[in-house]
Amino acid sequence: MSEILQVTVLGATGSIGLSTLDVVSRHPECYQIFALTAFSRIAELRELCRLHRPRYAVVADSCQARDLQGRLSDDGVHTRVLVGEGGLSEVAAHPETDVVMAAIVGAAGLRPTLSAVQANKRVLLANKEALVMSGGLFMQALRDSTAVLLPIDSEHNAIFQCLPGDYSAGLANVGVRRILLTASGGPFRELPLEQLAAVTAEQACAHPNWSMGRKISVDSASMMNKGLELIEACWLFDARPDQVEVVIHPQSVIHSMVDYVDGSVLAQLGNPDMRTPIAHALAWPERIDSGVSALDLLQIGRLDFQAPDQQRFPCLRIARQAAQDGGTAPAMLNAANEVAVDAFLNGRIRFIEIASIIEDVLDLEASVPARCLADVLAADAQARMLASRWLHRRDR
């Protein structure tokens, strides 16, 4: 690399953000932090600003901004603090930003990620909800720009590595039969079905292989995470839902596979550490050290696979149906899931009711074509309102 690239990290205090900062810090000759953002972990953001000295930081509201700005001044750190969605979009699209890590969890990441695409940045997409909510609009914005979109989810990054260099003509035209999206099965893969009703948030967040935030951990336990990834894969790789098969692989060593018509199956393997796909996307098409230890297949010894249990994981079925329905259905699916997961984490509902809320919302509100971003945001708001009503009835 001939120049130092300026990196903006949206969602810097989350697990993906911190992993990104770890990889960047290993290569100061290649990368420099331009902006960092956080929603609620302001103390952690202050420490990151002290360490990385970004030009900008972004927080959720003006009160947080004033407090952080004062503390950074006391620290002798000349970072300028911006506020809210406008601040996020500003740093994502800033002329001096070269690379944007889009790692904000949930619908909140949609607008700044779109801003980065429209500003022709190299976008490292960890925020799957941006594509789930507005897939057609997002991909059109990408085609209308010179932005480079690189997937960060370990599964989609694996698929990207296993596909030929140019698959824009369609998967069938490059000999791809199907995409095999692997899933660990989460902490409840073998739990007796009758015990699912009593599982706690702490149990759901105890992922056997990955270290993730609480919301994503619950999504993994319900396999909604894999349903969202199925929708994301359809948009990223121009695939139909029936071309994407989910396979449970408990060891999380094979991150996904591509099945070709000649009988070849290409797989990307590695230790379960998000620094691998982050380093791949940061340096693509080159390779850099990620800090991840080498994979020892002899120590692993075996690789297991099984089909997902549809009764155990109804969220996967619901997400696949939303992918097939298209339009605003995926945006409503995502919104209802965010409300339901938050309710579960706060002890308002049982784990098994997450799927019930989502399915009821999708049954109540028909999908319509998503012609513009306003259609997507309206569907998101409507689904959140219907899910909140469900919770209100449940609480009475």
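Here, residue 1 is the first one in the sequence, and each next residue gets the next number.
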With the side chain counted from C-beta on, respond yes when L391 and R348 share a heavy-atom pair under 4.5 Å apart, and no when they do not. yes

Side-chain donor/acceptor of S89 to backbone N/O of G86, under 3.5 Å: no

For a 4.5 angstrom cut-off between non-hydrogen side-chain atoms, does I354 reach V218? yes

Should Y56 and L36 be counted in the same cluster of Ile, Leu, Val, Met, Phe, Trp and Tyr side chains packed under 4.5 Å apart? no

Heavy-atom closest pair, residues V376 and A370: CG2-CB, 3.9 Å

State, without any angle test, whether Q140 and R143 hold a side-chain donor-acceptor pair at a distance under 3.5 Å. yes

Any side-chain heavy-atom pair from W390 and V339 closer than 4.5 angstrom? no

Any side-chain heavy atom of I231 within less than 4.5 Å of one from L333? yes

Are the charged groups of R317 and E359 less than 4.0 angstrom apart, N to O? yes

Only one of K121, Q6, R122, R55 clears side-chain contact (heavy atoms from CB on, under 4.5 Å) with T97; which? K121

Ignoring hydrogens and angles, tell me if any N or O in the side chain of H52 forms a donor-acceptor pair with the backbone of P54 under 3.5 Å. no

Kindly say whether A239 contributes a backbone atom to a donor-acceptor pair with the side chain of Q243 at under 3.5 angstrom? no

After noting the C-alpha distance and the side-chain angles of S293 and N271, does the key distance pass the side-chain hydrogen bond (donor to acceptor under 3.5 Å, both in side chains) rule? CA-CA 7 Å; S293 60; N271 285 315; 3.3 Å; yes

Closest approach of P277 and S154, non-hydrogen atoms and distance? CG-CA, 4.3 Å

Are the side chain of S145 and the backbone N or O of L142 linked by a donor-acceptor pair below 3.5 Å? yes

Find out whether Y260 and V176 are in side-chain contact, i.e. whether some heavy atom of one side chain is under 4.5 Å from a heavy atom of the other. yes

Hey, mind stepping through L171 and V258 against side-chain contact (heavy atoms from CB on, under 4.5 Å) and telling me if it holds? CA-CA 10 Å; L171 295 183; V258 176; over 6 Å; no

Rounded to the nearest 0.5 Å, what's the gap from CD1 on I179 to CD1 on I159? Could you check? 5.0 Å

Is the side chain of E129 donor-acceptor paired with the backbone N or O of V105 at a distance under 3.5 Å, no angle test? no

Going by salt bridge (charged side-chain N to carboxylate O under 4.0 Å, His left out), name the residues that satisfy it together with E232, two or more places apart in sequence or in a different chain. none

Sub-4.5 Å side-chain heavy-atom contact between F351 and Q203: no

Can you find a pair of side-chain heavy atoms, one from L72 and one from R46, that are under 4.5 Å apart? yes

Could you give me the CA-CA distance, side-chain angles and deciding distance for L10 and V91, then say whether side-chain contact (heavy atoms from CB on, under 4.5 Å) is met? CA-CA 9 Å; L10 305 177; V91 297; 4.1 Å; yes

Where A323 and L230 come nearest, the two heavy atoms and their spacing: CB-CD2, 4.0 Å

Could you grab the distance from atom CG of L124 to atom OG1 of T20, nearest 0.5 Å is fine? 7.5 Å

Side-chain donor-acceptor contact under 3.5 Å, N225 with K128: yes

If you apply the rule side-chain contact (heavy atoms from CB on, under 4.5 Å), what do you find for S220 with S184, and how did you get there? CA-CA 8 Å; S220 179; S184 70; 4.3 Å; yes

Between R389 and E365, does any NZ, NE, NH1 or NH2 come within less than 4.0 Å of an OD or OE carboxylate oxygen? no

Rounded at 0.5 Å granularity, tell me how far CG in D289 sits from CZ in R275. 8.5 Å

Side-chain donor/acceptor of D259 to backbone N/O of V265, under 3.5 Å: no

Enumerate, atom names and distances included, each donor-acceptor pair closer than 3.5 Å involving a side-chain atom of residues 188-195, sequence neighbours excluded.
none

Whether H255 side chain and G270 backbone form a donor-acceptor pair below 3.5 Å: yes

Any idea how F160 and H280 line up, ring-wise: parallel (<30°), tilted (30 to 60°), or perpendicular (>60°)? perpendicular

Backbone N or O of I254 within a donor-acceptor pair of the T182 side chain at under 3.5 Å? yes

Look up atom CG in L48 and atom CZ in R50, then write down how far apart they are to the nearest 0.5 Å. 11.0 Å

If you define the side chain from C-beta out and look only at heavy atoms, does anything of F313 sit under 4.5 Å from I248? yes

Looking only at heavy atoms, the pair that brings S115 and A93 closest together is O-CB, 3.9 Å

Verify whether one side chain among Q311 and D309 offers a donor that lies under 3.5 Å from an acceptor in the other. no

I'd like to know if the side chain of E47 reaches the main chain of I42, judged simply by a donor and an acceptor atom lying under 3.5 Å from each other, with no hydrogens or angles considered. no

Taking all non-hydrogen atoms of both residues, which atom of P151 and which atom of L236 are closest, and how far apart? CB-CD1, 4.0 Å

Between S367 and T328, what is the shortest heavy-atom contact and its length? OG-N, 3.1 Å

Should L114 and L373 be marked as a side-chain contact (heavy atoms from CB on, under 4.5 Å) after you check the CA-CA gap, both sets of side-chain angles, and the distance that decides it? CA-CA 10 Å; L114 264 177; L373 190 56; 4.2 Å; yes

Is it true that, when you exclude R371 itself, more than 12 heavy atoms of the residues, nucleotides or ligands shown sit nearer than 6.0 Å to its CZ? no

Using a strict threshold of under 4.0 Å (side-chain N to carboxylate O), is an ion pair present between D75 and R71? no

To the nearest 0.5 Å, what is the distance between CD1 (I4) and CD (E29)? 8.0 Å

Check the orientation of F237 and H156. Use parallel for under 30°, tilted for 30 to 60°, and perpendicular for over 60°. parallel

D153 (side chain) donor-acceptor with E155 (main chain) under 3.5 angstrom: no

Rounded to the nearest 0.5 Å, what separation is found between the SG atom of C234 and the CZ atom of R320? 8.0 Å

